[in-house]
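Here's the structure we're looking at; comments come further down.
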Amino acid sequence: MTSPHDLDFDDQRIEKARGLGDSGLQAYPHTFERKDTILDIRRRFHDIGHDKSEEQVVTAGRIYTVRDHGKTVFADLGDESGRIQLYIRKNDIGPEQFDTVVRRLDRGDIAGVSGHVFRTKLGEITIWVDGITILSKALCALPEKFHGLRDVEKRYRNRYIDLIVNEESREKFRVRSRVIAALRRYLEDRGFLEFETPILQPVYGGANARPFTTFHHALSQNLFLRIAPELYLKRLVVGGFEKVFEVARNFRNEDIDSHHNPEFSMVEIYEAYRDYNDMIALSEGIISHIVNRIHGTYEVCVDGTVIDFTPPWRRLSMEEAVLEYAGIEVREKDTETLRSIARDRGIKEYEEPKTWREFLVLFFENLVEDQLVQPTFVHDFPVENSPLAKSHRVKEGFTERFELFIYRMEIANGFSELNDPLDQQVRFEAQDRRRLAGDCEAQMIDYDFINALGYGMPPTGGVGIGIDRLVMLITGSTSIKEVILFPQMKSGEGACDQEPSPDDPEQ
RNA sequence: GGGCUUGUAGCUUAGUUCGGCAGAGCGACGGACUCUUAAUCCGUAGGUCAAGGGUUCAAAUCCCUUCAGGCCCGCCA
């Protein structure tokens with residue numbers, strides 16, 4: 001949609017819109033006094049009989065179908081709350097209105113109607129219309145009424161059409177909104193405060209990912225779109241806010257697939273004087289509450305698989321998980337033995353790990369994750385790839401970190417937050433060496449954050465929950481694009497495909 | 001980044017295996033019809049078969065390139 005040639009406008013509809021003007025009407029009037037929603041009407045008249053109601057109703061919505069019988073027209077009118085049938089007779093509204101308005105009415109138009117409610121011979125609650133106005137003439141034709149819009153590319157690129165004609169799609173986004181509302185309510189009820197932290201960051205951190213880079217002209221410096229709000233939220237804990245969260249849009253410059261979009265939503269939560277065990281309990285509480293709130297039960301069906309969210313959920317350490325699901329006892333085995341096991345199991349990256357703990361992660365990611373269907377907390381991760389998590393109180397070489405897996409997806413990630421500034425500096429420096437060695441997903445050193453820890457952060461637990469993936473589970477969707485209103489798609493011709501040059505910030 | 005796969009009218013699609021006039025339904029337009037509901041009936045228009053190139057007497061169909069999707073893998077959440 002980069003040029004006027006891409007518009008779906010229909011010449012005949014444009015003519016009808018002009019015709020309305022010629023008849024002294026407006027194709028796009030300013031107001032209409034809607035008195036009833038369609039749901040209101042359905043509720044109020046659910047037991048109406050064949051005789052017309054005494055009471056008049058006034059409602060508005062989109063015309064979804066028109067069944068023209070000559071001097072009688074049946075149509076279906078839909079608003080956000082539902083649909084209702086209209087019964088329009090030339091005798092009732094008069095020949096002038098019938099010819100100027102009804103004859104110019106198309107599927108897709110927004111119309112306002114007044115009338116009385118009755119039930120047709122075939123038992124359908126219907127508005128017997130005594131007045132009708134076009135409130136917005138649709139210049140574009142709607143997709144076919146029976147099959148709707150199936151083409152996924154068109155559904156994502158022109159989401160408004162998808163929402164108009166596919167009620168399942170509209171319902172998914174209604175659920176998404178309710179999930180986020182329930183999430184905020186849950187946390188606010190427990191004394192958490194929501195804050196907004198910078199999306200444009202001079203130093204990115206809080207996760208291992210490649211960032212988007214941009215340039216601020218007035219400051220004459222590079223800025224990064226945040227990959228996570230973590231380091232700013234922890235600064236708030238240093239500052240004395242003990243229960244904080246942010247529903248954050250994060251940006252990661254990675255590939256797009258059925259579980260990843262370049263911008264995605266996550267709630268990050270931090271609570272002082274708590275540890276990762278408390279964050280496991282909090283995550284379980286939030287998610288099970290939301291599922292129950294939306295579905296009225298703890299069971300959800302995704303693509304034929306029933307997922308049971310009834311708490312408590314399974315908890316096992318990463319070592320236990322690898323032992324149980326892959327049958328490998330990893331602890332303290334020498335790396336040559338582990339390397340040959342990895343090779344025998346067909347793991348391509350068997351050359352890379354250098355310690356038994358790195359093999360543990362390798363086995364977990366390659367052999368275990370895909371088996372975790374029911375909600376499962378996996379805890380105690382090796383220190384090497386958890387630069388922001390506190391070292392484990394008893395297990396040497398491990399951190400107090402957990403991840404929640406549901407339906408083979410990582411849904412949450414949390415830990416006892418590292419609050420030792422000297423340890424944090426060492427961990428950052430290790431990351432920085434990897435970054436300078438070419439690992440573009442390793443983290444930058446955020447000295448201001450280390451400095452903040454230097455002022456003292458209480459022992460704190462934190463967790464991030466992926467909202468898009470959670471909504472996928474709750475709506476039974478198998479693609480993240482089904483739950484993101486406007487997923488990232490490649491633009492057609494006219495899009496800039498040049499990477500901006502650092503020497504040319506104007507681009 | 002790699003593999004597989006899809007693209008036909010506004011929408012949903014048949015036709016691609018094995019090359020032989022591009023079809024249908026809905027929608028649109030014209031007409032009939034005052035309780036229909038995927039309304040029905042009669043008629044009409046609508047196609048650069050994603051784009052470009054090649055093979056062939058002949059290409060939606062076979063081959064190549066490109067564009068845009070989808071699925072899987074790698075990476076990431």
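Just so it is clear, the structure is predicted and the values come from calculations on it, not from any experiment. First the proteins, then the strands, lettered A, B, ... as listed; each starts at 1.
Heavy atoms of A:N261 sit under 4.0 angstrom from at least one base atom. As judged by a 4.0 angstrom heavy-atom cut-off over every strand, A:E349 is placed among residues touching the sugar-phosphate backbone only. Within the 4.0 angstrom heavy-atom criterion, no nucleotide atom of any strand lies near A:N413. Within the nucleic acid shown, A:M489 comes within 4.0 Å of sugar-phosphate atoms alone, with no base atom in reach, counting heavy atoms only. Backbone-only engagement by A:R150 is indicated by non-hydrogen atom pairs under 4.0 Å involving sugar-phosphate atoms exclusively. Contacts of A:Q12 with the nucleic acid, taken as non-hydrogen atoms under 4.0 Å apart, involve only primed sugar atoms and P, OP1 or OP2. The residue A:E153 sits close only to the backbone: its heavy atoms come under 4.0 Å of sugar-phosphate atoms, none of a base. In this structure, A:N250 reaches neither bases nor backbone, as no heavy-atom distance under 4.0 Å exists between it and the strands shown. Within 4.0 Å (heavy atoms only), A:K90 reaches no atom of the nucleic acid at all. Here A:F118 lies in heavy-atom contact (under 4.0 Å) with a base. Counting any heavy atom pair closer than 4.0 Å across all strands shown, A:Q85 reaches a base atom.
With B:rU36, B:rC35, B:rU12 as the candidates, the nucleotide lying closest to the side chain of A:W128 is B:rC35. For A:T120, taking side-chain heavy atoms from C-beta onward, the closest of the listed nucleotides B:rC35, B:rC71, B:rG69 is B:rC35. Considering only the side chain of A:R252, B:rA77 comes nearest among B:rA77, B:rG25, B:rG74. Listed candidates were B:rC76, B:rA39, B:rU37. Nearest to the side chain of A:L122 is B:rU37.
Judged by ring centres under 5.5 Å apart and planes tilted less than 30 degrees, A:F74 fails to stack against the six-membered base ring of B:rA39. Put simply, A:H259 does not rest on the base of B:rA77: the two rings are not both less than 5.5 Å apart at their centres and under 30° in tilt.
A distance of 12.5 Å separates CD of A:Q97 from NZ of A:K90, quoted to the nearest 0.5 Å. Of the inter-residue distances, the one linking A:L362 atom CG with A:R357 atom CZ reads 15.0 Å to the nearest 0.5 angstrom. Taking CZ of A:F98 as the start and CG of A:D92 as the end, the distance is 10.0 Å to the nearest 0.5 Å.
Nucleotide B:rU55 has no partner under the Watson-Crick or G-U criteria, as no pair reaches both atom distances under 3.5 Å. Pair check for B:rC67 finds B:rG7; Watson-Crick or G-U wobble, both atom distances under 3.5 Å. B:rA22: no Watson-Crick or G-U partner with both key distances under 3.5 Å is found in any strand.
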Given the rule in the side chain to side chain contact (heavy atoms under 4.5 Å, CB included) test, do A:E230 and A:L388 qualify, once you have shown the distances and angles that lead to the verdict? CA-CA 9 Å; A:E230 170 150 352; A:L388 300 166; 3.4 Å; yes

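Summary of the strand contacts: A:D151 and A:D10 both lie near RNA chain B, and taking for each the nucleotide with the nearest heavy atom, the more 5' one is attributed to A:D151.
Judged purely by atom type and a 3.5 angstrom limit, A:R401 has no side-chain atom pairing as donor or acceptor with the backbone of A:F415.
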